[in-house]
Each structure stands twice: as structure tokens, then as C-alpha cells.
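Naming: A, B, ... by sequence-line order, numbering from 1 per chain.
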Number of protein chains: 2
Amino acid sequence: MTQDTPVRDQVLEAADRLFYAKGTHAVGMDELRAAAGVSLKRLYQLFESKEALIEAVLQWRDATLTAEITAYTARQDTPERQVLAVFDWIADSSGSPGFRGCAFINAYAEHGASSERITAAVRHQKSGMHGAIHAMAAAAGRPEWVADSIFLLFEGAMTNTAIAASSEPARQARAAAEFLLDNTG
Amino acid sequence: MTQDTPVRDQVLEAADRLFYAKGTHAVGMDELRAAAGVSLKRLYQLFESKEALIEAVLQWRDATLTAEITAYTARQDTPERQVLAVFDWIADSSGSPGFRGCAFINAYAEHGASSERITAAVRHQKSGMHGAIHAMAAAAGRPEWVADSIFLLFEGAMTNTAIAASSEPARQARAAAEFLLDNTG
DNA sequence: TACGGTAGAGAACGTTCGTTCTCGCGGCAA
DNA sequence: TTGCCGCGAGAACGAACGTTCTCTACCGTA
């Protein structure tokens, strides 16, 4: 067990940034090597292949994104406001110029048909996000179907906020979620 | 104006099938030529580049998909049922083994960062689908925000039905839409 | 029959990419 | 100091891809 962890994280962070910005197909291993500031040899001893790297990046992003959203929603003081904050998070994120929607959906679009490993990583993130919304909705005393609905609104808002290059879908989804919360439980 | 139209459609249909099944990056022009049964020369005089072909395929799918969904929903006898039928359409479509979610979202994931033409084609489809749902909701006498919400539920259901490989998200989205319809108007 | 133009088949070209190999330097043990 | 191991830099390799070019067969016309 060598001291690879900081280097590994350095690679994952650079790869995540490049993959998200340009799509995995558009980023070559050499460009990645340069961005991460490591040698190609090191890259391949950390990750056996590009596919393995993509999988690792998705797992890494899964963890960091969960933490980010959790921190973001935790700033609200009631469970209802916490649920609704996920849509504010989308609206906020979409403000940054490189916003390209959900990295996991993008990865699924690029590799879902050919890579079982990548599909599994995507499913894991969706399942986790679904669970997080479930937990918040449960804390707010709402039934499961409300959580399911809000999760799907979240997903629709992620993609369409990116495609439309506008935070309007995020606001619309928020309004719908608010209606669901207000009329249930 | 030569008699290229049937050949052109033949190419578009084959390309659409392959692109959707495997992703555009995973389909080479030669594989495409073979599937469409035309020569490479013909292919390139019909479409100046692969990017142009992808754009044309998206426009073609936009038209055929709109027609398909319109026909599907038209079988229902009330505007409310017509709106809800879009979720049944997802559930039905997800039954076929090659279901991979929304081709336009997939195309955006693959090319949104690099091709303005493809992004424009994706936006056009989203705008059209949004409009179609708006029209049905308006016919049902529901306010615009309900249509916005149902559109986003539709989008979320499309991607997550594919990722989860289950029609459950489509059913959940349908239930949410039904709740919105039942409690507004 | 001779011929010009068109189209199909597929070879060829140039590039890009994922992955591996080679070389040479630097640190460390004896 | 000497020998060795590991690493970085980057050349090299083989495959795949988008695109173009070449060759040949075929067609209608005179």
C-alpha cells in the first residue's frame, strides 16, 4: 500500500473535470495525463484501463456529489425546505458556465450500451440519490410516492436545465415539488 | 432534385437504429454503410459528414417520435387520459430490449459540449415535446405550470426507466402526473 | 460498336487514440 | 563507489475511424 492516495485523488479530480466538461470520448489519456500532472505509466498502474478510470471517476463523483448536496440541503431548517433545496442546488449549479447536466446520465448515454461496469456505477448513484430524497421526504412525513415523484422531477430538471441552458426547469420542478409537499402528508 | 428520398430515408432509418442502440461514437461510417445498403460515396453525397448525418437523424427521429406519441395518446378519449398516456408509452417502449432512454438526451451527452448543430436539434425536440404536453394540458383545462411539471416528470421517467431497466419510474411519474391533474384545473 | 458519365466496391490516407515499450536519470543499499 | 530498482518522459505500436481516391462495370446514346 504505497502513498498513492493523493496522486490518485489528483487524477480523479482532473479526470472528473475533463470528462464532465467534454465527455469521456473527447478526452484522451494523454490530455488527462497532462492535466493530472502524472506520467502515463503511473496512470496505468493506478487504473488498468480508461474504462476502469471512468468507473472510478463516477464512484468518486458519486461520493463528492452526495456530500455536496447533503451539505447544501442541510442549511435549511425544516425537512420540507431541505427537499426543495435540491432544486435550488440545480439552479445554482447551472449558473456555472461548464454545467452539462448529470454526469451519470451523460456517462450512461456514452457507455450504457457497452459497459456493464459503468452502467452499474450509474445505477448506484441513481439509487443513492433516490434514497437521499426518500430520507428527506420521510423526515417530512410524506409518503414514498411523493419522494419517487420528486426524484423524477429532480432528474428531469437536471437534464433540461442543461439542454435549455436555463435554470427555468429547475424552478418549475421546484414549484411542482412544493405543490406535492403542500398537498400531501 | 434526384430520386434520393427513399435512399435517404433508408440511411436515416438504419442510422437511427444503430445510433440509438450503440451510441453514435460506437458506430462507424462503414458499419452504417453496410446496414443501410448503400455505398460510402452515396453516403457522403447525401450527408456531408458524420456530424451532419447525426443531426439529420435527430431531426428525422424528432418527426417520427412526435408522430408516434401523438398517435399513441390519440387513442385515449379525454385530454386527461391523453396526457397520462405518455407515461404508458414510456412503459410500453421500455419493454423492447433495445430501450436506451431518450435518444436526444443521449446525443446531448455525447455531443452537447462540441457540436452546436446537435445541441440545436436536441433543443428543438425538447421544445416540441414540451409544446405537445402543453397542448394536451391546455385541452384538459390545466394551467401551464402543470404542463411544465408533467414534461419534467416525463423526462425524468425516460432516463430512469432506461437506467433502472424497469418500467417502475414510468409508473411513478404517471402517478405523480395523475395527482397533479386531479388536484388542479 | 464506341464512348462519356455515373455509381458501387473497397483500397488508401491521415489522424487519433488506448496501451505498451524503451531509455535514461536518480535514489538507495552494500 | 557500484549496482539495482523504480519512475518519468515520451516514442512507438496497432487498431479504429472519418474521409477521399481509384478502379472497374454498367448504362444510355449516337
Is it true that a side-chain atom of [X] and a backbone atom of [Y] form a donor plus acceptor pair closer than 3.5 Å?
X: A/Ser167; Y: A/Ala170; result: no
X: A/Arg142; Y: A/Leu181; result: yes
X: B/Arg123; Y: A/Ile163; result: yes

From CD1 (B/Ile150) to CD1 (B/Ile133), nearest 0.5 Å = 7.0 Å

ring-ring contact (aromatic ring centres under 6.0 Å, His included) partners of residues 14-57 of chain B, not counting sequence neighbours, each pair once = A/His25-B/His25, B/His25-B/His111

Short heteroatom pairs, N/O only, protein and nucleotides 24-28 of chain C, under 3.5 Å:
none

task = Provide the full list of salt bridge (Lys or Arg N to Asp or Glu O under 4.0 Å) pairs with a residue in residues 144-159 of chain B, sequence neighbours left out, each pair given once.
result = B/Lys126-B/Glu155

task = Please work out which of the three classes, parallel, tilted or perpendicular, describes the rings of B/Phe179 and A/Trp145, given edges at 30° and 60°.
result = tilted

query = Passes side chain to side chain donor-acceptor pair (under 3.5 Å), B/Glu13 versus B/Trp60? Steps please.
reply = CA-CA 8 Å; B/Glu13 189 174 339; B/Trp60 183 81; over 6 Å; no

query = Rounded to the nearest Å, what distance is computed from the CG atom of residue B/Leu46 to the C1' atom of nucleotide C/dA7?
reply = 13 Å

ask   = Can you give one letter per nucleotide of nucleotides 8-19 of chain D, going 5' to 3': B for a protein heavy atom under 4.0 Å from the base, S for sugar-phosphate only, - for none?
value = B---------SB

ask   = What residues in residues 12-22 of chain A put a non-hydrogen atom under 4.0 Å from any atom of DNA chain D?
value = none

query = For A/Arg61 and A/Glu55, what are the C-alpha separation, side-chain angles and deciding distance, and is it a salt bridge (charged side-chain N to carboxylate O under 4.0 Å, His left out)?
reply = CA-CA 10 Å; A/Arg61 177 173 264 255; A/Glu55 181 192 18; over 6 Å; no

request  = Apply side chain to side chain donor-acceptor pair (under 3.5 Å) to A/Asp92 and list each qualifying residue two or more places apart in sequence or on a separate chain.
outcome  = A/Tyr72

